[in-house]
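These notes concern the structure reproduced below.
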Number of protein chains: 2
Amino acid sequence: MTLHKSTADFAELCPIRDVLERLGDRWTMLVLFTLDEGGTQRFSTLKARIPDVSQRMLAQTLRRLEQDGLVVRTAYATVPPRVEYALTPLGTSFMDPMRQLVHWAAQHHEQVRTARQAYRPVQAAAPL
Amino acid sequence: MTLHKSTADFAELCPIRDVLERLGDRWTMLVLFTLDEGGTQRFSTLKARIPDVSQRMLAQTLRRLEQDGLVVRTAYATVPPRVEYALTPLGTSFMDPMRQLVHWAAQHHEQVRTARQAYRPVQAAAPL
DNA sequence: CTGAATCCTTACTGATACTG
DNA sequence: CAGTATCAGTAAGGATTCAG
């Protein structure tokens, strides 16, 4: 369960970092959350529900999630095209730990904000 | 408990995004995890345990964590200087949800890797 | 509607060099 | 030892344009 790797293997990252680095970007969590609460949704719906995501980033995020097996993409050959996205069982299984994280954030947000305000760049003197 | 905000308020981001975006960068989780498993540690120790972090990034990450109240920095006015870092109670409280996330990653890493390999860029045809 | 491709601007990062 | 400052390269992100 270590997140560290010896200096030797930069290339083959530790499993956990490998997975978490994907999830840590700006939009992934948001997309997963939106899919979870809204169920199967079209591209345009997702775009509408995440106001500040660009088309480019949404597409890219969805591609990666699809690639990692957290999301399924279903395209219908109609005109105009219709594409639907949904969480896979794997994607759904991720929502549990994610909800914990969201809960923590909601719970402690105020405390963090307070800490930020109280923060003083540096202290010259020191204990001892 | 929504992660979305109306288009109106980009500036004042939703609490959860505000908190999670900080944690989502490349080093924060790793630093927190290292502090958690090793207890109070000096700058150089942390640097040694996270082989591929640069001095600059480690310092920056620690500053932010300190600012957010997850880490305490204690400087001793000795020569040479000695600075110790430790998790605050707030920081410790974050480890719970974080461990869940790490656990999920460890548990499903193989599945994700498999999905990545099986992935085919796009499909021309489609159902229906 | 759902994207991919391009361009361009900003943010992140690592090396390096320099202080207290 | 524990940083900060500066610089340069890379990567991320948005806006726009074009295509199936």
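Computed from a prediction, not measured in an experiment: that's the story for all the values here. Lettering follows sequence order; numbering is per chain, from 1.
Aromatic ring pairs are classed by plane angle as parallel below 30°, tilted from 30° to 60° and perpendicular above 60°; the pair A:F94 and B:W104 is perpendicular.
Between C:dC1 and A:Y85, no contact under 4.0 Å exists linking OP1 or OP2 to a side-chain N or O. Applying the 4.0 Å criterion to OP1 and OP2 of C:dG20, one finds that B:Y76 has every side-chain N and O outside that range. Using a 4.0 Å cut-off, some side-chain N or O of A:S44 falls inside it from OP1 or OP2 of C:dT2. The side chain of A:R26 places an N or O atom within less than 4.0 Å of a non-bridging phosphate oxygen (OP1 or OP2) of D:dG14.
Of the options A:T34, A:I50, A:L58, a side-chain contact (heavy atoms from CB on, under 4.5 Å) to A:W27 is made by A:I50 and by none of the others.
A:Q41 places a side-chain N or O within 3.5 Å of a backbone atom of A:G39 that can act as its donor or acceptor partner.
Here C:dC1 presents its P atom at 16 Å from CD of A:Q41, a figure rounded to the nearest Å. Atom P of nucleotide C:dG3 and atom CZ of A:R82 are separated by 13 Å, given to the nearest angstrom. Between the CG atom of A:D25 and the P atom of D:dA12 there is a distance of 9 Å, given to the nearest Å. Atom P of nucleotide C:dA4 and atom CZ of A:R73 are separated by 7 Å, given to the nearest angstrom. Here the P atom of nucleotide C:dA11 and the CD atom of B:E21 are 13 Å apart, to the nearest Å. Distance, B:R63 CZ to D:dA5 P: 11 Å, rounded to whole Å. Atom CE in B:M57 sits roughly 14 Å away from atom P in D:dG3 (whole-Å rounding). To the nearest angstrom, P of D:dC1 lies 10 Å from CD of B:Q55.
Computed from C1' positions of five pairs at each end, the angle between the two local axes of the helix from C:dC1-D:dG20 to C:dG20-D:dC1 equals 40°, rounded to 10 degrees.
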Would you tabulate the pairs of protein nitrogen or oxygen atoms and nucleotide nitrogen or oxygen atoms of nucleotides 7-10 of chain C closer than 3.5 angstrom?
none

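With hydrogens and angles left out, the side-chain atoms of A:Q117 and A:R113 include no donor and acceptor closer than 3.5 Å. Side-chain contact annotation: B:Q67 with B:R63, donor-acceptor N/O pair under 3.5 Å absent.
Position along DNA chain D of the nearest nucleotide to B:A59 versus A:V53 favours B:A59 as the more 5'-ward residue.
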(request) Carefully, step by step, assess B:R99 and B:D36 under the rule salt bridge (charged side-chain N to carboxylate O under 4.0 Å, His left out). (result) CA-CA 11 Å; B:R99 260 187 287 268; B:D36 184 55; 2.9 Å; yes

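In the set D:dA2, D:dG13, D:dG20, the nucleotide with an atom closest to the side chain of A:P81 is D:dG20. Taking only side-chain atoms of B:F43, from C-beta outward, the nucleotide of C:dG14, D:dG14, D:dG3 with the closest atom is D:dG3. Residue A:P80 has its side chain nearest to C:dC1 when only D:dG13, D:dA2, C:dC1 are considered.
Not counting sequence neighbours, the partners of A:R26 by the side chain to side chain contact (heavy atoms under 4.5 Å, CB included) test are B:E21.
The two residues B:L90 and B:D68 make their nearest non-hydrogen contact at CD2-O, 3.7 Å.
Under the 4.5 Å side-chain criterion, counting only non-hydrogen atoms from C-beta, B:V102 is in contact with B:F33.
Counting non-hydrogen atoms under 4.0 angstrom, B:Q60 reaches nothing in the nucleic acid.
B:M98 CE to B:L23 CG: the interatomic distance, rounded to the nearest 0.5 Å, is 8.0 Å.
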